[in-house]
Amino acid sequence: MSPELKRTALYDLHIELGGKMVPFAGYEMPVQYPMGVMQEHLHTRAKAGLFDVSHMGQILITPRSGRIEDAARALERLVPVDILGLKEGRQRYALFTDPQGGILDDLMVAQRGDHLFLVVNAACKAQDLRHLKDHLSDSCDITAVEDRALLALQGPLAEAALARLLPDAAGLRFMDVAILPGAGGEVWVSRSGYTGEDGYEISVAARAAERVARDLLEMEEVAPIGLGARDSLRLEAGLCLYGTDIDRATTPSQAALNWAVQNVRRTGGARAGGFPGADVVLSEIDGAPARLRVGLRPEGRAPMRAGTLLYAREDADRPIGAVTSGAYGPSLGAPMSMGYVARDHAAAGNRLWAELRGKRLPATVSRLPFLPANYKR
């Protein structure tokens, strides 16, 4: 491994558990364990999987005025999302946009009474921190949280497992957040995740991370899960991966993320616009983007992976789109892909053709997610 790669607080535990380590977003991370990607995926859907997501960025936004609404209004200058309306103890999905309406990163924003807590993507965290400091430092203190690890416990038995360590976690509903007493001091918990299953993201002091992970892994229903299964789980759930399915070349509307832009920030809303690229983002919401992110169900057993070109007809000369993510879906029992296609070809049920190894193979446009979510509402 390159010496430049960072390691999380759970690196030694990954090695002990037989994790196969690979470079990911500047870190050495486990792509799989001896159970294998397929069984890790199915275990998470059936029981509970424990993921190390400590490579992701954790950031605090604290208003100098002491008024949380000032932090919310400040952050709204960077995201097309209703932060001011976010209640204490709740979190919301958000997007940083650029002046062209492209997506700089996607993130989670939690309202914790006197400050906002953000979780951002690993590959973007340095950029996001600069972005926040450049635009919010006039009214807020921006702090990178460097001394905490982040775990995700996902699956239908996640509640039962975590409740043994943190009984109050069982009372949370989807997208609730809480600060609970636990190992090493405060445990920051949200009922959320990246698999389509019920579960939690758990921020703990780095010094306590291994103890918390071991306590969970001692439970019969909990197994360690690597990046490989994390990817197939999120793809079955129809969730975007930043840098693959969304980036600065995609807008929220193109990415089928209009649901993340609340009415109060849209045309005619009380706080419409006011974020980078608002003219582009809102005009596409009001009208229609030229292309759309869609699900794809390839015929046969072969996955159609990122970069595969898509055509409207088997004999068409020009592509009308391309795949951005593709894999076999262990729970779906079939290959699945996501990609972008011209708006006129984006309706569910449309048959398209993909070019694989010089051959044109059919795929059908599918609604997302491929599997229904199992969140606790």
Side-chain angles (χ1 to χ4, degrees), residues 56-63 67-121 124-125 127-136 139-140 142 173-177 190-194 201 238-242 245-248 250-286 289 293 373 375 377:
M56 300 185 74
Q58 303 179 63
I59 301 172
L60 302 177
I61 302 179
T62 306
R67 296 187 298 270
I68 189 63
E69 57 268 27
D70 291 341
R73 290 184 186 278
L75 186 56
E76 284 192 0
R77 302 202 302 261
L78 300 181
V79 300
V81 174
D82 178 13
I83 306 298
L84 192 59
L86 190 58
K87 302 298 185 185
E88 183 175 353
R90 295 287 289 164
Q91 73 174 8
R92 176 165 284 164
Y93 178 77
L95 304 160
F96 287 130
T97 51
D98 70 12
Q100 291 72 47
I103 300 170
L104 291 171
D105 196 11
D106 62 339
L107 62 149
M108 300 301 297
V109 181
Q111 208 268 55
R112 302 204 306 192
D114 61 357
H115 67 277
L116 301 174
F117 173 55
L118 278 54
V119 177
V120 302
N121 284 301
C124 302
K125 61 184 179 182
Q127 158 200 298
D128 291 348
L129 191 62
R130 287 194 302 270
H131 189 53
L132 289 163
K133 288 183 175 180
D134 286 348
H135 293 90
L136 273 62
S139 60
C140 300
I142 312 298
R173 59 196 170 100
F174 182 58
M175 299 298 256
D176 277 352
V177 299
S190 70
R191 194 151 197 166
S192 60
Y194 192 50
E201 293 196 344
L239 301 174
C240 294
L241 174 63
Y242 190 81
D245 305 301
I246 53 175
D247 56 25
R248 296 187 73 160
T250 54
T251 65
S253 282
Q254 292 171 10
L257 296 174
N258 284 352
W259 58 267
V261 183
Q262 288 74 36
N263 288 337
V264 72
R265 304 303 308 279
R266 297 188 184 192
T267 303
R271 299 191 310 284
F275 54 88
D279 53 341
V280 175
V281 172
L282 297 184
S283 67
E284 286 192 343
I285 290 175
D286 295 338
R293 178 174 64 94
Y375 305 133
R377 301 287 184 178

Could you report the tightest heavy-atom contact between [X] and [Y], atom names first, then the distance?
X      : Y      : value
Ala255 : Ile103 : CB-CD1, 4.4 Å
Phe275 : Leu78  : CB-C, 4.3 Å
Leu241 : Tyr194 : CA-OH, 3.3 Å
Arg265 : Gly274 : NH2-C, 4.3 Å

Indicate yes or no: at least one non-hydrogen side-chain atom of [X] is less than 4.5 angstrom from one of [Y].
X      : Y      : result
Asp114 : Ile68  : no
Ile59  : Val120 : yes
Arg90  : Val177 : no
Arg293 : Gln254 : no
Val261 : Arg266 : yes
Leu75  : Leu116 : yes
Met175 : Ser190 : no

Would you say [X]'s side chain and [Y]'s backbone share a donor-acceptor pair under 3.5 angstrom?
X      : Y      : answer
Tyr242 : Leu104 : yes
Asp106 : Ala94  : no
Asp98  : Gly101 : yes
Arg77  : His135 : yes
Gln111 : Ile83  : no
Gln127 : Leu129 : no
Arg191 : Glu201 : no
Arg92  : Val81  : no

Give a yes or no on whether a salt bridge exists between [X] and [Y], defined as a side-chain N under 4.0 angstrom from a carboxylate O.
X      : Y      : answer
Arg271 : Asp82  : yes
Asp128 : Lys125 : no
Arg173 : Asp176 : yes

Quiz item: Yes or no on side-chain contact (heavy atoms from CB on, under 4.5 Å) for Leu132 and Ile61, after CA distance, side-chain angles and deciding distance?
Solution: CA-CA 9 Å; Leu132 289 163; Ile61 302 179; 4.0 Å; yes
Quiz item: Which class fits the ring pair Tyr375 and Phe174: parallel under 30°, tilted 30 to 60°, perpendicular over 60°?
Solution: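 Because their plane-to-plane angle is under 30°, the rings of Tyr375 and Phe174 count as parallel.
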Quiz prompt | Side-chain donor-acceptor contact under 3.5 Å, Ser253 with Thr251 | solution =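 Side chains of Ser253 and Thr251: no pair found under 3.5 Å.
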